[in-house]
S.K.: 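Attaching a single structure in structure tokens format; questions to follow.
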Amino acid sequence: MNRREILKSGVLATGSLLLSTERMGFKRITHDAVNGETYIALKLLIGELETYILSDGIISLASIQPTFAPGTEESRLTNELSKLHLSPKQMEMGIHVMLIRKEDKLILLDTGSGHHFGENGGKLIPSLQTIGLSPEHITDIVITHAHIDHIGGILNAEDEFIFPHATYHLAKKEYNFWMSEKPDFSNAKGNQSAADFNISFAKNMLAKINDRIQLFDYGQELFSCLIPELAEGHTPGHTIFTIHSRGKFLKHIVDTFHTPFLVSKPDWGTQWDTDFDQAVATRKNIMKEESENSTLLMSCHLPWPGLGFIDKRGKDFYWRIYPYFNPINITI
């Protein structure tokens with residue numbers, strides 16, 4: 001996803017890239033601020049499919065606008081935040097990563113932010129360790145889209161592979177967009193420096209894993225449990241998934257919604273979307289379809305653990321967090 005002021009410039013360290021996260025709008029959390037905090041894995045059984053939701057940490061913005069709701073009157077935003085019991089002063093989002101155990105495969109959906117967010121992120125490996133796994137155990141990684149908080153964990157600070165045995169899987173459309181000569185950001189609402197950063201980061205990272213990538217088409221089932229679907233706008237190849245087993249299923253909507261107020265106000269959007277208007281249309285389509293079907297959803301950034309429903313009251317949509325009571329184990 002586009003990062004806020006790289007929205008005013010700045011580049012991030014990966015190989016020759018160097019990024020100031022403060023200039024991207026992220027609020028740094030010092031070691032003392034997270035001292036003693038433990039990141040755990042939440043087991044989620046979908047039919048007979050064993051999955052886990054892992055925390056990679058958080059994204060913290062010092063201010064909400066203009067990254068979110070650009071062009072919206074501040075008073076309208078403040079009123080909506082109040083209705084949703086969200087802070088008007090800063091914005092935090094989780095970074096949730098799913099792990100799937102399928103026969104002899106251990107499959108991650110994305111790699112988290114890696115070392116790029118400092119103390120805020122990079123918690124995926126400790127989260128894996130809570131269930132007795134190390135990066136060497138991961139056999140496959142499915143990339144939902146090529147933004148820093150999803151592919152930043154491919155390489156460590158020394159430019160070495162964190163998951164040395166993993167094969168990567170990525171939608172052809174997403175790969176072709178980033179690796180094209182000039183990816184088109186003309187319909188985004190961020191500035192050119194933000195686009196330049198995203199392009200450089202994605203090209204660099206995808207080039208590093210080029211000989212490890214298997215490209216897939218939408219609708220092409222992966223591992224007999226993952227059905228990919230195009231949900232374009234956030235990026236041109238932004239991929240969401242239906243995860244299923246034995247008649248039970250969950251839809252992982254990835255970065256379609258970063259915050260509950262994009263469910264209630266999908267038009268407000270975010271500068272992180274490559275095509276602002278298309279992302280709005282995609283949100284509205286998913287809201288209508290999944291509210292009518294009462295589909296259980298997972299999101300990469302909505303409040304932990306990212307599970308919930310899109311419900312409708314009158315003409316208004318809202319995010320309803322999935323009610324669960326066992327803090328480490330859910331069966332659906």
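All residue numbers in this chain count up from 1 along the given sequence. None of these values were measured; they are calculated from a predicted model.
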S.K.: Within this structure, what is the CE-CD1 distance for the pair Met98 and Ile46, rounded to the nearest 0.5 Å?
M.R.: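 That separation rounds to 5.0 Å.
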S.K.: Just checking, is any N or O donor in the side chain of Asp255 or His238 under 3.5 Å from an acceptor N or O on the other one?
M.R.: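 Side-chain D/A pair, Asp255 to His238: absent.
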S.K.: State the CD1-CD1 distance between Ile151 and Ile141, to the nearest 0.5 angstrom.
M.R.: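 If we round to the nearest 0.5 Å, Ile151:CD1 and Ile141:CD1 are 11.5 Å apart.
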S.K.: I'd like to know if the side chain of Thr139 and the backbone of Leu106 have a donor-acceptor N/O pair within less than 3.5 Å.
M.R.: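 Yes, Thr139 side chain to Leu106 backbone: donor-acceptor pair under 3.5 Å.
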S.K.: For Glu158 and Asn156, which heavy atoms make the closest approach, and how far apart are they?
M.R.: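 Between these two residues, the closest heavy atoms are N-OD1, 2.9 Å.
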S.K.: State, to 0.1 Å, how close Pro236 and Leu230 come at their nearest heavy-atom pair, and which atoms those are.
M.R.: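 Of all heavy-atom pairs spanning Pro236 and Leu230, the closest is O-CD1, 3.4 Å.
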S.K.: Salt-bridged, Glu229 to Lys251, with N to O below 4.0 Å?
M.R.: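 Between Lys251 and Glu229 there is a salt bridge, with a charged N closer than 4.0 Å to a carboxylate O.
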S.K.: Distance only, no hydrogens: is a donor on one side chain within 3.5 Å (strictly under) of an acceptor on the other, for Thr144 and Asp110?
M.R.: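 Asp110 and Thr144 do have a side-chain donor-acceptor pair below 3.5 Å.
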S.K.: Is a side-chain N or O of Asp159 found less than 3.5 angstrom from the main chain of Leu155, in a donor-acceptor match?
M.R.: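 Looks like no, no N/O pair under 3.5 Å.
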S.K.: Can you classify the ring geometry of Trp304 versus His96 as parallel (below 30°), tilted (30 to 60°) or perpendicular (above 60°)?
M.R.: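 Trp304 and His96: perpendicular rings.
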S.K.: Taking the ring of His234 and the ring of Phe276, is the distance between their centroids below 6.0 Å?
M.R.: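 No, ring centres 6.0 Å or more apart.
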S.K.: Regarding Arg283 and Asp273, does a basic nitrogen lie under 4.0 Å from an acidic carboxylate oxygen?
M.R.: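 Salt bridge between Arg283 and Asp273, a charged N being under 4.0 Å from a carboxylate O: yes.
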S.K.: Between Glu174 and Thr235, does any side-chain donor sit less than 3.5 Å from a side-chain acceptor?
M.R.: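 Yes, Thr235 and Glu174 have a side-chain donor paired with an acceptor closer than 3.5 Å.
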S.K.: Kindly compute the distance separating CG (Leu42) from CG (Leu307), expressed to the nearest 0.5 Å.
M.R.: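 Leu42 atom CG to Leu307 atom CG measures 7.0 Å (nearest 0.5 Å).
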S.K.: I'd like to know whether the aromatic ring centres of His301 and Phe257 sit less than 6.0 Å apart in this structure.
M.R.: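 Judged by ring-centre distance (under 6.0 Å), His301 and Phe257 do not meet the cut-off.
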S.K.: Using a cut-off of 6.0 Å, state whether more than 12 heavy atoms not belonging to Glu74 lie near its atom CD.
M.R.: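 Check fails, neighbour count at 12 or below.
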S.K.: Are any side-chain N or O atoms of Ser127 and backbone N or O atoms of Ser55, one a donor and one an acceptor, separated by less than 3.5 Å?
M.R.: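 Present.
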S.K.: For the pair Asn204 (side chain) and Ser200 (backbone), establish whether a donor and an acceptor sit closer than 3.5 Å, ignoring hydrogens and angles.
M.R.: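 The answer is no, because no donor-acceptor pair under 3.5 Å joins these two groups.
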S.K.: Provide the closest heavy-atom pair for Ile64 versus Leu81 in the form atom of the first, atom of the second, distance.
M.R.: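 For Ile64 versus Leu81, the nearest heavy atoms are CD1-CD1, 3.4 Å.
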S.K.: Taking only Lys NZ, Arg NE, NH1 and NH2, and the carboxylate oxygens of Asp or Glu, determine whether Glu292 and Lys312 approach each other closer than 4.0 Å.
M.R.: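 Looking at Lys312 together with Glu292, the answer is no, because their closest N to O distance does not fall below 4.0 Å.
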S.K.: Is a side-chain N or O of Ser63 found less than 3.5 angstrom from the main chain of Leu61, in a donor-acceptor match?
M.R.: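 Judged by distance alone, no pair lies under 3.5 Å.
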S.K.: If only side-chain N and O atoms count, and only distance matters, is there a donor-acceptor pair under 3.5 Å linking Tyr168 with Asn210?
M.R.: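 Short answer, no.
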S.K.: Are Glu80 and Ser264 close enough that a side-chain donor and a side-chain acceptor fall under 3.5 Å?
M.R.: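 Yes, Ser264 and Glu80 have a side-chain donor paired with an acceptor closer than 3.5 Å.
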S.K.: Rounded to the nearest 0.5 Å, what's the gap from NE2 on His165 to CG on Asp140? Could you check?
M.R.: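 If we round to the nearest 0.5 Å, His165:NE2 and Asp140:CG are 12.5 Å apart.
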S.K.: On the 0 to 90° scale, with breaks at 30° and 60°, tag the Tyr218-Phe216 ring pair as parallel, tilted or perpendicular.
M.R.: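 If you compare the ring of Tyr218 with that of Phe216, the planes turn out perpendicular.
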S.K.: Is the backbone of His169 close enough, under 3.5 Å, to the side chain of Arg212 for a donor and an acceptor to pair up by distance?
M.R.: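 No, the answer is negative, given that no donor and acceptor are paired below the 3.5 Å cut-off.
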S.K.: For the side chain of Thr111 and the backbone of Gly153, is there at least one donor-acceptor N/O pair under 3.5 Å apart?
M.R.: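 Yes, because the side chain of Thr111 sits within donor-acceptor range (under 3.5 Å) of the backbone of Gly153.
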S.K.: Can you name the residues that form a salt bridge (Lys or Arg N to Asp or Glu O under 4.0 Å) with Asp217, not counting sequence neighbours?
M.R.: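 Partners of Asp217 by the salt bridge (Lys or Arg N to Asp or Glu O under 4.0 Å) criterion, ordered by chain and then number, come out as Lys172.
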S.K.: Below 30° counts as parallel, above 60° as perpendicular, anything between as tilted: where do the rings of Phe177 and Phe185 land?
M.R.: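 Aromatic pair Phe177/Phe185 classed tilted.
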S.K.: I need the Tyr318 OH to Ser291 OG distance, nearest 0.5 Å.
M.R.: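 If I round to the nearest 0.5 Å, the distance is 10.5 Å.
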S.K.: Please tell me whether Gln192 and Asp196 have a donor and an acceptor in their side chains that are separated by less than 3.5 angstrom.
M.R.: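 Gln192 vs Asp196: donor-acceptor pair found between side chains.
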S.K.: Taking Ser299 for its side chain and Gly306 for its backbone only, find out whether a donor-acceptor pair lies under 3.5 Å.
M.R.: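 No.
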S.K.: Do Lys208 side-chain atoms and Phe161 backbone N/O form a donor-acceptor pair below 3.5 Å?
M.R.: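 Judged by distance alone, no pair lies under 3.5 Å.
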S.K.: To the nearest 0.5 Å, what is the distance between OG1 (Thr282) and CG (Asp275)?
M.R.: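 CG of Asp275 is found 8.5 Å from OG1 of Thr282.
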S.K.: Under a 3.5 Å threshold, yes or no: a donor from one side chain and an acceptor from the other, between His116 and Ser113?
M.R.: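 Absent: no donor and acceptor within the cut-off.
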S.K.: Carefully, step by step, assess Glu48 and Lys248 under the rule salt bridge (charged side-chain N to carboxylate O under 4.0 Å, His left out).
M.R.: CA-CA 9 Å; Glu48 294 182 353; Lys248 301 292 185 179; over 6 Å; no
S.K.: Taking atom CG of Leu215 as the centre, does the number of heavy atoms from other residues, nucleotides or ligands within less than 6.0 Å exceed 12?
M.R.: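 Check passes, neighbour count above 12.
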S.K.: Evaluate the salt bridge (charged side-chain N to carboxylate O under 4.0 Å, His left out) criterion for residues Lys123 and Asp56: first the C-alpha distance (whole Å), next the side-chain angles of each, then the deciding distance (0.1 Å), finally the verdict.
M.R.: CA-CA 4 Å; Lys123 310 300 182 184; Asp56 185 57; over 6 Å; no
S.K.: Report yes or no: do Leu54 and Ile107 belong to one cluster of Ile/Leu/Val/Met/Phe/Trp/Tyr joined by side chain heavy-atom distances under 4.5 Å?
M.R.: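 Per the 4.5 Å side-chain linkage, Leu54 and Ile107 are not co-clustered.
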S.K.: Any sub-3.5 Å donor-acceptor pair from Gln271's side-chain atoms to Lys189's backbone N or O?
M.R.: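 Present.
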S.K.: Suppose we screen for ring pair (Phe, Tyr, Trp, His ring centres under 6.0 Å). Which residues come up paired with His244, at least two apart in sequence or across chains?
M.R.: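 His244: no ring pair (Phe, Tyr, Trp, His ring centres under 6.0 Å) contacts found.
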